[in-house]
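Worksheet for the structure shown next.
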Amino acid sequence: MLDRSGQTPQPATIHLKDYQPPAYLVDAVDLHFALDEQCTTATARLALRRNPARADAPPLRLDGQDLELVSLRLDGRALAPHEYRVEEEALEIPAAPEQCTLEVVTRTRPAENTALEGLYASGGNLCTQCEAEGFRRITYYPDRPDVMARYTVTLSAERARYPVLLANGNLVAQGEERDGTHWARWEDPFPKPSYLFALVAGDLVRIEDRYTTASGREVALHIYVQAHNADKCEHAMASLKQAMRWDEEVFGREYDLDVYMIVAVDDFNMGAMENKGLNIFNSKYVLARPDTATDRDYEGIQGVIGHEYFHNWSGNRVTCRDWFQLSLKEGLTVFRDQQFSGDMNSRAVKRIDDVTLLRTHQFAEDAGPMAHPVRPQSYIEINNFYTVTVYEKGAEVVRMIHTLLGPERFRRGMDLYFERHDGQAVTTDDFVQAMQDASEVDLSQFRRWYDQAGTPVLRVQGAYDAPARRYTLAVEQHTPPTPDQPDKQPLHIPLALGLVGPDGQDLPLRLQGEAAGQGTRRVVDVRAARETFVFEDVPAEPIPSLLRGYSAPVRLDYDYTDEALAFLLAHDSDPFARWEAGQQLAVRLIMARVVAPQAQDGAEVLAAAYGRLLEDSAADPAFAARALALPSEEYLAQLIPYRDLEHVDPEALHGARHAVKLALATALAERWQAVYEACGATGPYRYVAADAGQRSLRAQCLSYLVARGGRDGVTLAWRQFREADNMTDSLAALAQLVHTEAPERDQALAAFYARWQDDSLVLDKWFALQAGSERPDTLAQVRALLEHPAFSLRNPNKVRALIGTFCHRNPLRFHDVSGEGYAFLREQVLQLAPRNPQVAARLVSAFNQWRHYDAPRQALMRAELERILSAPALPKDVHEIAGKALGNGAGDAGAGSSS
Ligand code: TRP
Ligand code: ZN
């Protein structure tokens with residue numbers, strides 16, 4: 001699609017306000033596939049019926065993309081050419097009757113499908129990815145989530161190449177032909193939207209287990225992997241059973257088919273997909289063995305297995321009316337998987353990790369050109385809206401409802417939501433309405449969280465009146481403007497808080513006007529732009545502990561002294577608030593060094609606090625590891641506009657952070673060493689929270705010991721690398737060595753490669769470590785690795801490991817003032833764009849924050865964005881991100897105006 005200038009024309013924008021119910025409904029789908037990697041033929045029989053909700057009787061239009069139409073029959077009669085119209089992305093049959101059966105035969109070429117949407121080949125097997133709009137690449141269909149139908153699917157293929165044939169639901173028949181083909185028929189009794197359709201054909205082994213539901217139903221659990229991975233499925237299977245039990249216990253939700261299948265594939269655009277009864281997973285979120293996977297990987301597998309399983313209710317049984325409602329299923333399901341992981345491991349540590357992700361990446365998104373509400377009002381390419389805002393901020397919005405209602409009423413709301421909407425495609429409004437109806441809590445103002453973009457700033461001031469024994473908190477909220485939304489309304493914000501007395505104990509809380517106190521921790525409702533909360537009978541001047549548990553996704557601004565922060569870090573009864581006090585202390589110190597790089601002192605308060613943390617670290621090593629970790633460069637960069645600093649200078653940030661790290665490493669040298677040694681003995685590897693916590697604390701200590709520079713740290717890391725009997729310890733050591741110039745670095749990388757050259761997932765770690773190195777030669781190494789035989793642009797995991805890590809996770813080297821990092825990204829985006837637009841669009845978003853950098857970097861990034869936009873035939877995925885980054889169409893309101 002080129003216009004006369006040779007440039008890609010501006011792609012069309014879809015608006016929520018234009019939503020119309022579908023013209024036709026589909027009662028049943030009967031699909032037959034003759035599967036083959038080179039050419040697959042699909043025969044679809046659709047039982048169609050005009051939608052009574054559309055009085056305007058629009059014509060029958062089906063979506064379709066990159067399809068070869070073979071034949072078309074309406075109620076058994078072949079259609080003449082004048083009776084239908086084939087467009088670039090649609091098939092229209094103007095005179096279709098009220099009710100009819102349409103038979104469409106189409107052909108596709110799976111082996112040539114590099115976009116990994118629709119039907120494609122991965123590792124010699126065939127699989128599908130239909131969310132969001134991939135089904136239209138398989139057959140002509142009304143490919144929208146509010147069209148729900150019952151599917152019967154018959155697969156036939158050459159038996160030798162494709163011994164396993166899977167689709168959604170239950171297997172109802174199978175057979176063999178004399179020509180070497182075999183077939184299988186699957187029936188899914190639950191009506192579903194097309195995005196949940198899936199099929200798999202290939203040579204896979206099956207790992208089996210069983211599960212008995214609370215009401216006594218027997219469910220077969222099947223995990224399918226390539227034969228050489230059969231010994232890496234134990235953790236995924238255990239996680240699945242945990243998730244099934246947890247959803248019964250916490251939400252009263254049972255599984256509803258006879259079989260639950262998970263298939264692992266190596267080439268996958270995202271993490272995993274919740275297709276009804278047949279989840280398809282990026283193999284990264286299935287495969288684990290102690291020597292190949294880290295504790296983080298184990299945790300990720302447990303979380304993603306849970307996430308996809310929980311979708312069976314929050315997503316599949318109740319689905320989305322349209323893609324603007326994506327957070328209805330994603331925000332809710334992320335909230336559910338977070339609660340699950342919190343229950344299986346450490347609740348506090350899980351919360352800290354989730355908040356870190358939100359504040360690093362979602363806050364940045366909200367402060368840039370792609371800022372959008374949890375329920376967006378428009379999009380060009382829906383694949384670009386599977387964002388941290390829809391997922392993580394969406395989960396925070398559900399969490400706030402949980403906080404406002406309390407666990408019992410929240411559960412009643414969930415029950416009502418499932419009861420009211422089972423089998424329906426609904427909106428986020430329907431969700432909030434169910435919560436409100438079941439709880440009788442007024443959520444009318446709260447709904448603004450779904451429609452208003454941007455991160456609110458909560459400015460709080462405290463004042464103690466000693467004679468009156470009264471403590472007053474003055475709270476102001478303000479949301480900075482975002483593109484398309486210059487004016488913001490006040491939000492309903494649950495503010496969880498406590499008042500910490502001079503002895504470190506929580507004081508009883510009684511709000512003015514209340515007869516009796518209400519314990520020592522409570523949630524106050526902030527609704528207006530300015531509010532005041534007055535606490536009575538406060539015996540001594542307290543330090544307020546605000547936003548406990550991170551009760552709302554806001555930036556909190558309270559002017560604590562360093563001593564008050566150190567006090568909270570030592571005493572706060574809320575672990576999140578403790579951790580946060582330490583982070584704020586560290587942020588302050590690093591930012592001070594950004595402004596005055598020569599400053600030598602100021603680290604004493606933080607060093608003393610870290611010293612106490614190290615002393616007590618054995619009580620909760622996982623927590624200590626987080627509390628002792630300095631905020632990342634990405635997190636700090638995102639804070640810059642809120643610290644009255646003009647521009648992000650990645651080198652200055654890196655230098656300041658490193659200086660603080662060095663000061664802490666030096667001041668506490670013996671302690672790091674002592675705790676490192678004390679954490680050494682966890683025995684043979686097991687993924688259990690206690691052991692994983694020790695390993696993460698040990699890794700944290702090692703990073704300080706190496707940060708001191710010199711041989712001692714390197715020697716320690718090299719020893720840990722050689723002696724490790726598990727991937728967690730091995731990788732933690734290599735992750736330190738990789739930044740150094742020591743000879744052990746290359747020795748370790750070579751040894752790691754030699755050992756793991758046949759394990760693609762482990763090699764992803766090897767690529768990523770090198771791409772994330774602080775060394776000045778990193779870009780040269782990354783360029784060399786592009787030519788490595790194990791690298792492939794066709795495999796999204798490889799792209800993310802090498803190119804994604806360099807551009808998104810290595811600010812020091814990506815933002816090199818030469819602009820070479822930027823040119824590299826432009827080259828790679830343009831290479832990838834025609835093959836895999838979805839992954840290319842994710843890469844190009846590394847330029848989104850360009851306006852926050854200094855003038856020379858701004859000019860360089862802008863020039864690369866312009867080069868990308870002027871490329872011919874740019875897919876709309878990349879066009880949308882690059883165009884919005886440049887501010888085409890919508891002005892960039894930026895994050896600079898927080899006050
Ligand atoms: N629904 C999936 C999930 O959150 C997300 C997903 C998987 C996806 N594959 C995709 C979204 C491809 C868009 C395109 O679990
Ligand atoms: Zn999901």
Side-chain angles (χ1 to χ4, degrees), residues 65 113-120 122 127-138 143-145 168 192-198 200 239-240 243 247 262-286 300-320 323-341 357 374 376 379-395 398 796-797 799-800 836-842 875-877 880-881:
Q65 223 174 304
N113 180 352
T114 56
L116 313 187
E117 292 178 86
L119 177 65
Y120 66 93
S122 174
C127 67
T128 54
Q129 172 55 40
C130 292
E131 188 176 6
E133 298 179 332
F135 194 68
R136 63 188 63 185
R137 295 164 182 266
I138 294 175
D143 190 15
R144 42 187 290 168
N168 315 84
K192 65 168 174 289
S194 50
Y195 83 85
L196 290 174
F197 167 83
V200 170
S239 300
L240 176 59
D247 212 14
I262 290 174
V263 180
V265 304
D266 288 336
D267 304 288
F268 202 72
N269 282 348
M270 306 271 280
M273 181 62 213
E274 71 265 24
N275 319 299
K276 183 79 187 187
L278 177 57
N279 291 180
I280 299 180
F281 271 60
N282 186 325
S283 55
K284 172 181 166 60
Y285 291 110
V286 175
I301 289 167
Q302 187 180 44
V304 177
I305 293 259
H307 180 97
E308 306 312 330
Y309 176 73
F310 304 140
H311 266 317
N312 190 54
W313 276 95
S314 48
N316 301 3
R317 291 288 289 256
V318 181
T319 194
C320 304
W323 292 120
F324 296 102
Q325 320 298 327
L326 181 57
S327 200
L328 174 81
K329 74 177 177 81
E330 296 305 347
L332 177 55
T333 304
V334 171
F335 171 74
R336 276 151 58 68
D337 84 54
Q338 290 177 347
Q339 295 290 89
F340 167 62
S341 295
L357 174 75
V374 167
Y379 60 77
I380 292 174
E381 168 54 62
I382 185 56
N383 282 336
N384 286 335
F385 284 78
Y386 287 74
T387 60
V388 273
T389 298
V390 166
Y391 276 65
E392 313 303 322
K393 186 176 180 181
V398 174
N797 288 356
V799 171
R800 283 184 282 256
N836 190 328
Q838 203 182 337
V839 174
R842 302 252 156 194
K876 63 179 177 176
D877 311 52
E880 177 171 31
I881 304 288

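We count ligands from 1, going down the list as the structure has it; atoms in each ligand are counted the same way.
- Checking D143 against Q65 by side-chain atom types alone, no donor-acceptor pair falls below 3.5 Å.
- Here the Zn ion (ligand 2) is the vertex; the NE2 atom in H311 and the OE2 atom in E330 give an angle of 90° (to 10°).
- Side chains of N168 and N275: a donor-acceptor N/O pair is absent below 3.5 angstrom, by distance only.
- Annotation: ring-ring contact (aromatic ring centres under 6.0 Å, His included) contacts of F340 (sequence neighbours excluded): W246, F310.
- Checked against side chain to side chain contact (heavy atoms under 4.5 Å, CB included), N113 has the following partners two or more places apart in sequence or in another chain: A115, Y120.
- Residues satisfying the ring-ring contact (aromatic ring centres under 6.0 Å, His included) test with F324, not counting sequence neighbours, are Y379.
- If you look at ligand 1, the protein residues with a non-hydrogen atom under 4.0 Å away are Q129, E131, F268, M270, A272, M273, E274, H307, E308, H311, K329, E330, N383, Y386, Y391, Q838.
- Residue Y285 qualifies as open at atom OH: its count of foreign heavy atoms under 6.0 Å is 12 or below.
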